[in-house]
Novice: 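Structure provided below as structure tokens; questions to follow.
Throughout, protein chains are lettered first and strands after them, A, B, ... in sequence-line order, and every chain is numbered starting at 1. Nothing here was measured: the structure is a model prediction, and the numbers come from that model.
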Amino acid sequence: MTATAKPYSKSAKTHDAHHEDEHDMKQYLMYDPKPRGEMNRMVMESMTTTSWKFWVVFAILGVLVATCFVYAWGYLIAEGLGVAGVNRPSYWGIFLVNTVFWIGISHAGTFISAILRVFKAEFRRPFTRAAELMTTFGLIQAGASIFMHLGRVWLSYWLLPIPNQRMLWPNFHSPLMWDLLAITTYILSSTIYLFMPLIPDLAMARDRSTGWRKTFFKILALGFRGTEGEWRHLTTAMNIFAFAIIPVMFSVHTIVSWDFAMAMRPGWSSSVFGPYFVLGALHSGMGAVAIVLFIMRLTMKHMDYFIRKEHFDALGKLMLIVTFAYTYFFFNDYILQWYGGDKWTDALLHWLEEGPMSWMFYQLILFNLVIPAFTLWNKKIRQTPWLLALIGFIINIGMYWERYLIVPVMLTINRAPFTWKLYQPNIEIFLTIGTFATFLFFYMLASRLIPLIPVWEVEEGQMTHSLRKVGKAELPTISEFE
Amino acid sequence: MSDTTLLLAVFEEIDPAANAVEKLHEMNIADDDINIISGVPIAHKMLGRPHPWTNVSKLSLGGAFVGFCVGLFLNFGTPYLYADTVSVGGQYVTPVPPGLIIMFEMTMLFAMLSAFLGVLLDSSFPNYRPLEYVAEVSDGKIAIFFRCPNGEKQKICGCAYKTRRNIR
């Protein structure tokens with residue numbers, strides 16, 4: 001059998017009448033190439049073109065960061081944890097809910113960037129950076145939430161294994177100590193993993209900027225020129241990171257789950273909590289990526305060229321797969337506890353189903369399992385950006401409820417009924433708004449300062465895609481350049 | 001005065017760039033005297049160039065070993081640095097299963113930090129001195145910098161003129 005392949009190059013003509021298939025292929029970014037210079041211009045314009053609406057939203061977020069994050073946290077530090085709602089038996093409140101939630105959000109960045117890079121999933125190319133940014137900024141919020149929970153933050157260095165006069169030794173048996181090491185590893189590695197593929201795009205931005213932006217990009221680009229050696233070192237390191245960061249990603253949320261599962265407490269002590277948490281993290285993270293891509297496409301110039309329906313479709317399929325995997329682990333965790341016959345676990349399950357927080361339990365099932373499973377089957381829904389973003393938003397509400405039920409509610413329903421008292425958050429509400437505002441504030445700031453589209457990766461992808469003539473049909477073909 | 005000249009050729013596509021490299025080889029210009037700059041990673045095979053070396057993998061492996069040792073020390077060494085070791089819940093002072101977690105995290109952390117360090121060292125980053133570069137490279141063009149003997153300059157430029165290549 002013989003076949004001929006032609007590159008889908010920038011000079012490819014698509015006007016021939018018999019090339020209708022080619023016209024269809026233009027809906028895919030990889031088969032709709034533009035000259036690199038034009039893509040660079042589009043990305044630079046998306047960074048520098050800012051409407052007044054952007055600044056209004058940015059200012060509102062700035063006020064929220066100043067009041068709900070900086071001032072509220074300062075007040076908490078000054079007054080102590082007494083101004084928070086945490087109390088016996090709910091020693092862990094919304095701070096820990098936020099920690100788990102933000103670590104969950106951070107998982108999608110690594111999943112999309114690293115796993116899809118390892119498996120060479122081509123649709124990942126235009127939005128890996130947007131997802132990686134979520135990882136870094138999400139982890140910052142997770143870390144901040146832990147420090148809020150610590151209360152006396154000035155003593156947080158006690159966690160570090162350093163010699164000290166008090167002879168305090170960090171207990172490496174403790175899941176909280178594992179948390180410290182795992183989250184530190186994850187935040188450092190994911191930030192470097194965000195930065196490395198950014199270097200060539202920073203160099204591109206350096207070549208097209210003036211004034212303070214040029215200085216800014218020049219410093220960050222580290223002097224990158226694009227020599228064979230520089231590319232070799234960079235791509236080798238990116239491959240190492242892609243493989244190494246995946247087990248780290250899994251370990252982080254597994255260890256977070258062990259914070260709970262290692263305790264002999266109704267609802268917590270479960271051997272499937274590790275994978276259940278990892279799937280939950282991916283579930284909320286994927287939903288968050290859909291929201292971010294929708295907002296980027298809606299608000300940033302030229303983003304409709306880079307982020308297309310095909311990307312929402314692919315993301316929707318991933319969300320559907322994750323929904324089923326999450327459903328499996330949710331049911332697995334539930335059914336074993338339900339069958340177990342332990343008196344207090346039974347009491348907890350009845351309380352979830354019939355108690356004052358049952359609305360949260362049923363919304364969890366509806367938002368995390370039912371709605372995504374019954375909607376994401378539909379290709380039209382998957383390819384409609386606002387609908388996918390809406391489903392992502394619903395999933396995130398459901399996942400937040402899930403974490404809320406696991407942390408303060410399951411602490412409330414314990415083996416000592418005389419202590420049962422529902423947790424009422426106080427300053428935590430402001431600090432929660434503060435973490436969301438800070439995340440969005442950072443993200444909006446980053447959208448003005450760094451190229452959110454990895455242009456070189458998009459160009460590389462477009463170079464590797466071609467149409468191969470087999471008989472009378474032209475079929476899409478991908479080459480491997482590495 | 002140097003007896004060699006630095007020349008630059010800029011190409012829009014890979015094929016003519018690969019042909020140019022081949023011509024330079026035919027003119028006895030060594031690979032060490034040729035430096036190719038591009039806006040996307042181009043495999044060395046496509047341009048007929050030798051495989052570029054990198055120490056990133058080795059450094060990463062070394063970093064992983066150091067990280068493993070750090071994890072070992074944290075878990076099995078630090079408890080004995082204190083006069084009165086703390087025994088929690090009747091557990092061993094230096095248990096293996098939790099130690100595996102510490103060693104895993106430290107191994108991965110140091111492996112990745114070393115890989116990044118390898119990029120910085122091998123590429124001599126950060127480097128803000130002026131070096132051979134043309135900004136068109138980030139617009140997708142391929143730049144070939146090469147050194148040739150002064151006497152060969154006219155010959156090479158003439159060859160380039162015939163093939164309508166842009167030599168500067």
Novice: Where does A/Pro247 contact chain B at under 4.5 Å (heavy atoms): side chain, backbone, both or neither?
Specialist: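 Both parts, backbone and side chain.
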Novice: Using side-chain heavy atoms (C-beta onward) and a distance below 4.5 Å, is B/Ile14 in contact with A/Met463?
Specialist: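 Yes, their side chains come closer than 4.5 Å.
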Novice: Check whether any side-chain N or O of A/Arg225 sits under 3.5 Å from a backbone N or O of B/Ile37 as a donor-acceptor pair, and report yes or no.
Specialist: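 The answer is no, because no donor-acceptor pair under 3.5 Å joins these two groups.
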Novice: Does any backbone or side-chain atom of A/Met204 lie under 4.5 Å from a heavy atom of chain B? Answer side chain, backbone, both or neither.
Specialist: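 Its backbone and side chain both get close to chain B.
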Novice: At under 4.5 Å between heavy atoms, what parts of residues 55-68 of chain B are in contact with chain A? List them by residue number.
Specialist: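 Checking residues 55-68 of chain B against chain A gives B/Val56, B/Ser57, B/Ser60.
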Novice: Between B/Pro98 and A/Trp178, which heavy-atom pair has the shortest distance, and what is it?
Specialist: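 Closest heavy-atom pair between B/Pro98 and A/Trp178: CB-CZ2, 3.5 Å.
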Novice: Considering all heavy atoms of both residues, which atom of B/Leu74 and which atom of A/Phe172 are nearest to each other, and what is their separation?
Specialist: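 Looking at all heavy atoms of both residues, the closest pair is O-CE1, 3.1 Å.
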Novice: Hey, are the side chains of A/Ile192 and B/Met112 touching, using non-hydrogen atoms and a 4.5 Å cut-off?
Specialist: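 No, their side chains stay 4.5 Å or more apart.
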Novice: Once you round to the nearest 0.5 Å, how far does CZ of B/Phe116 lie from OH of A/Tyr193?
Specialist: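 B/Phe116 atom CZ to A/Tyr193 atom OH measures 14.0 Å (nearest 0.5 Å).
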Novice: To the nearest 0.5 Å, what is the distance between CG (A/Asp207) and CD (B/Glu136)?
Specialist: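 Those atoms lie 10.0 Å apart.
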Novice: Identify the two heavy atoms, one from B/Val40 and one from A/Trp456, that lie closest to each other, and give their separation to 0.1 Å.
Specialist: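 Closest pair (atom of B/Val40, atom of A/Trp456, distance): CG1-O, 3.5 Å.
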Novice: Of the backbone (N, CA, C, O) and the side chain (C-beta and beyond), which part of A/Tyr186 lies under 4.5 Å from a heavy atom of chain B, both, or neither?
Specialist: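 It is neither, since no heavy atom gets under 4.5 Å.
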Novice: Under 4.5 Å heavy-atom distance to chain A, tell me which part of B/Ile101 shows up: side chain, backbone, both or neither.
Specialist: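 B/Ile101 touches chain A through side-chain heavy atoms alone.
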Novice: Measuring heavy-atom distances to chain A, does B/Phe145 have an atom under 4.5 Å in its side chain, in its backbone, in both, or in neither?
Specialist: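 Contact with chain A: none, neither part.
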Novice: So that I know where these two stand, are A/His233 and B/Trp53 an aromatic pair - ring centroids less than 6.0 Å apart?
Specialist: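 Yes: the rings meet the under 6.0 Å criterion.
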Novice: When you compare the side chains of B/Ser138 and A/Arg208, does any donor N or O come within less than 3.5 Å of an acceptor on the partner?
Specialist: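 Per modelled atom types, B/Ser138 and A/Arg208 side chains form a pair under 3.5 Å.
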Novice: Less than 4.5 Å to any heavy atom of chain A: does that hold for the side chain of B/His51, its backbone, both, or neither?
Specialist: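 Only the side chain of B/His51 comes within 4.5 Å of chain A.
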Novice: Which atoms of B/Glu12 come close to chain A, meaning under 4.5 Å heavy atom to heavy atom: side chain ones, backbone ones, both, or neither?
Specialist: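 Neither; nothing under 4.5 Å.
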Novice: If you round to the nearest 0.5 Å, how far is CD1 of B/Ile102 from CE of A/Met177?
Specialist: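 Going from CE on A/Met177 over to CD1 on B/Ile102, the span is 6.5 Å.
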Novice: Distance-only, no hydrogens or angles: does the B/Tyr128 side chain make a donor-acceptor pair with backbone N or O of A/Ile219 under 3.5 Å?
Specialist: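 Present.
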Novice: Does the side chain of B/Asp139 come within less than 4.5 Å of A/Asn40's, by heavy atoms?
Specialist: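 A/Asn40 vs B/Asp139: side chains touch.
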Novice: Under a 4.5 Å cutoff for heavy-atom pairs, which residue among B/Thr54, B/Leu120, B/Asn35, B/Val137 has the most contacts with chain A?
Specialist: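 Result: the option with the highest number of such pairs is B/Thr54.
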